[in-house]
Amino acid sequence: MQTHLVGRDMITPDEWTDDELNTVFDVAFDLKRKRALGEPHALLRDKVLAMLFFFSSTRTRVSFEAGMAQLGGHAQFIESKTTQIAHGDTAKEIGEIIGRYCDGIAIRQVDWGVGNQYIRDVAAASRVPVLNMQCDWYHPFQALADMLTIFERFGRDPRGKTLNMSWAYASSYQKPLSVPQSLITLATRFGMNVRLTRPPEFKLMPEIEDLARENARKAGGSFEVLDDFDAGFTGADVVYPKSWGATLTTTDMEESKQIAGKYSDWIADSRRMALANENAIYMHCLPADRNIEVTDEVIDGPQSAVYDEAENRLHVQKAVMALTMR
Ligand code: CP
């Protein structure tokens, strides 16, 4: 167990050691148990988290805000459009100034080619931890919550279990690459057999795929890339079909939407679920495009883990905040 995490940023779990991540999971389970028992755990009394959003949110906003209150502190909801950022406040100024008012800065900035660098620029200027609430490359707290959910369902040693991280069709908007990129690199570290299933136009960043491959080699699992939607489900223990944009093929969102339209039959339905293992679980970070990305029957069905997954956002975020913001 690692006990020297005060002051650390969480921009991607790739920058945390296995021991450090296991500490996060241990603390998350402990805080989840405490909340279930009604045991107070005001570990961050009088601390303040600034939450800066450049993009909308349901789960991330509510879970960070609730988490800070449960830890005895306070969270400020700040939309970038209501700040002076558009009038010149730089990332350095945000880091320097908000870092002097608050005890942590959490940021969601998902613009392609902008978000990750912005968060790193704020972190470089900040004296307090910076937490990535989703950028263009990573969604660390989603991946941590996803792993906590997998541990709950399959035990703390998921080696030998197959996770199918798959693209699925959606029509609402071209979603960031951050969820699949974060999960394939995290699940391979825990020795899972990870499949990345996607049409050829929906590649992830090559360095992320290389990292997943290297993680799998070190941990004794596997990493493979498939382009057949049904094959991805076959024999899997965890299926995670969700949409993302054809961002590495085109940065034109209209063209990305047109390309996605070629694969509108990539929907998670009960026929596909029957290809997976009998005890397989269905996961999705939400929001999902219902009856486009996944049928109601699957997302509301007995194999769906989406509500536990969403709840676990709260517990992993509280764990990281309690460990880093003291
Ligand atoms: N999964 C997730 O990050 O949800 P929100 O976009 O609602 O925060």
Side-chain angles (χ1 to χ4, degrees), residues 10-16 18 21-22 24-25 28 59-60 110 115-116 132-154 156 158-159 161-168 170 175-198 202-216 218-219 221-226 232-233 236-245 247-248 268 276 280-288 293-294 304-306 308-313 315-317 320:
M10 173 55 85
I11 297 177
T12 166
D14 302 340
E15 294 165 351
W16 287 48
D18 290 353
L21 293 179
N22 277 318
V24 169
F25 292 125
R59 281 144 291 272
T60 303
V110 299
N116 187 262
N132 179 358
M133 296 194 293
Q134 190 179 18
C135 68
D136 47 343
W137 293 2
Y138 308 116
H139 198 346
F141 293 100
Q142 185 64 55
L144 292 170
D146 294 341
M147 274 318 298
L148 197 77
T149 309
I150 291 168
F151 291 149
E152 285 176 334
R153 299 300 180 106
F154 297 103
R156 277 296 285 267
R159 283 179 295 181
K161 298 295 179 192
T162 297
L163 164 68
N164 177 40
M165 180 76 245
S166 176
W167 188 86
K175 303 179 186 189
L177 310 187
S178 50
V179 168
Q181 296 207 145
S182 291
L183 190 56
I184 64 168
T185 49
L186 190 59
T188 46
R189 284 178 69 177
F190 288 88
M192 294 189 79
N193 299 321
V194 175
R195 291 177 187 156
L196 172 64
T197 308
R198 43 86 182 139
F202 291 86
K203 291 185 173 61
L204 301 182
M205 290 163 59
E207 54 269 47
I208 296 281
E209 291 192 13
D210 287 348
L211 180 59
R213 203 166 284 112
E214 179 62 10
N215 289 347
K218 284 186 190 158
S222 64
F223 177 70
E224 59 181 339
V225 180
L226 309 180
F233 281 77
D237 300 289
V238 179
V239 296
Y240 201 135
K242 84 165 293 293
S243 190
W244 61 85
T247 313
L248 296 187
I281 59 169
Y282 165 85
M283 297 182 75
H284 195 294
C285 55
L286 305 179
E293 208 175 354
V294 54
S304 176
V306 295
D308 286 346
E309 191 181 353
E311 178 186 338
N312 284 335
R313 291 289 304 274
H315 308 301
V316 295
Q317 288 159 196
V320 171

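The chain is numbered in sequence order, starting from 1.
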| Backbone N/O of D136 and side chain of S178: donor-acceptor pair under 3.5 Å | no
Taken in chain and number order and not counting sequence neighbours, the residues that satisfy ring pair (Phe, Tyr, Trp, His ring centres under 6.0 Å) with F190 are F25, F151
Hits for ring pair (Phe, Tyr, Trp, His ring centres under 6.0 Å) against Y282, two or more places apart or cross-chain, chain-then-number order -> none
Should we count CH2 of W16 as having more than 12 external heavy atoms under 6.0 Å? yes
So the salt bridge (Lys or Arg N to Asp or Glu O under 4.0 Å) pairs with at least one residue in residues 180-197 (sequence neighbours excluded) are D18-R189, R195-E224
d(I208 CD1, T12 OG1) to nearest 0.5 Å is 7.0 Å
d(L196 CG, E209 CD) to nearest 0.5 Å is 5.5 Å
Side chains of Q134 and Q142 in contact at under 4.5 Å (non-hydrogen atoms) = no
Rounded to the nearest 0.5 angstrom, the CG-CG distance for N164 and L226 is 7.0 Å
Taken in chain and number order and not counting sequence neighbours, the residues that satisfy side chain to side chain contact (heavy atoms under 4.5 Å, CB included) with R153 are I281, A305, D308
For E152, the salt bridge (Lys or Arg N to Asp or Glu O under 4.0 Å) test, sequence neighbours excluded, returns K32
Residue set satisfying side chain to side chain contact (heavy atoms under 4.5 Å, CB included) with T60, at least two apart, ordered chain then number -> F53, S57, F64, R108, M133, H139, R313
Those residues at least two apart in sequence (or on a different chain) that pass side chain to side chain contact (heavy atoms under 4.5 Å, CB included) with A288 are H284, L286, E293, V294, I299
Is a side-chain donor or acceptor of N193 paired with a backbone partner of S222 at a separation under 3.5 angstrom? yes
Rounded to the nearest 0.5 angstrom, the CD-CZ distance for E311 and R59 is 14.0 Å
When rounded to the nearest 0.5 Å, the distance separating CD of Q181 from CH2 of W137 is 8.5 Å
For D237, the side chain to side chain contact (heavy atoms under 4.5 Å, CB included) test, sequence neighbours excluded, returns F154, K161, T162, N277
By side-chain hydrogen bond (donor to acceptor under 3.5 Å, both in side chains), Y138 pairs with (sequence neighbours left out) none
Hits for side-chain hydrogen bond (donor to acceptor under 3.5 Å, both in side chains) against R159, two or more places apart or cross-chain, chain-then-number order -> D157
Taken in chain and number order and not counting sequence neighbours, the residues that satisfy side-chain hydrogen bond (donor to acceptor under 3.5 Å, both in side chains) with N132 are none
By side-chain hydrogen bond (donor to acceptor under 3.5 Å, both in side chains), T185 pairs with (sequence neighbours left out) D14
In terms of heavy-atom contacts, A168 and P241 come closest through CB-C, 3.9 Å
(Q) Under a 3.5 Å distance rule, please check whether W167 uses its side chain to pair with a backbone N or O of W244 as donor and acceptor. (A) yes
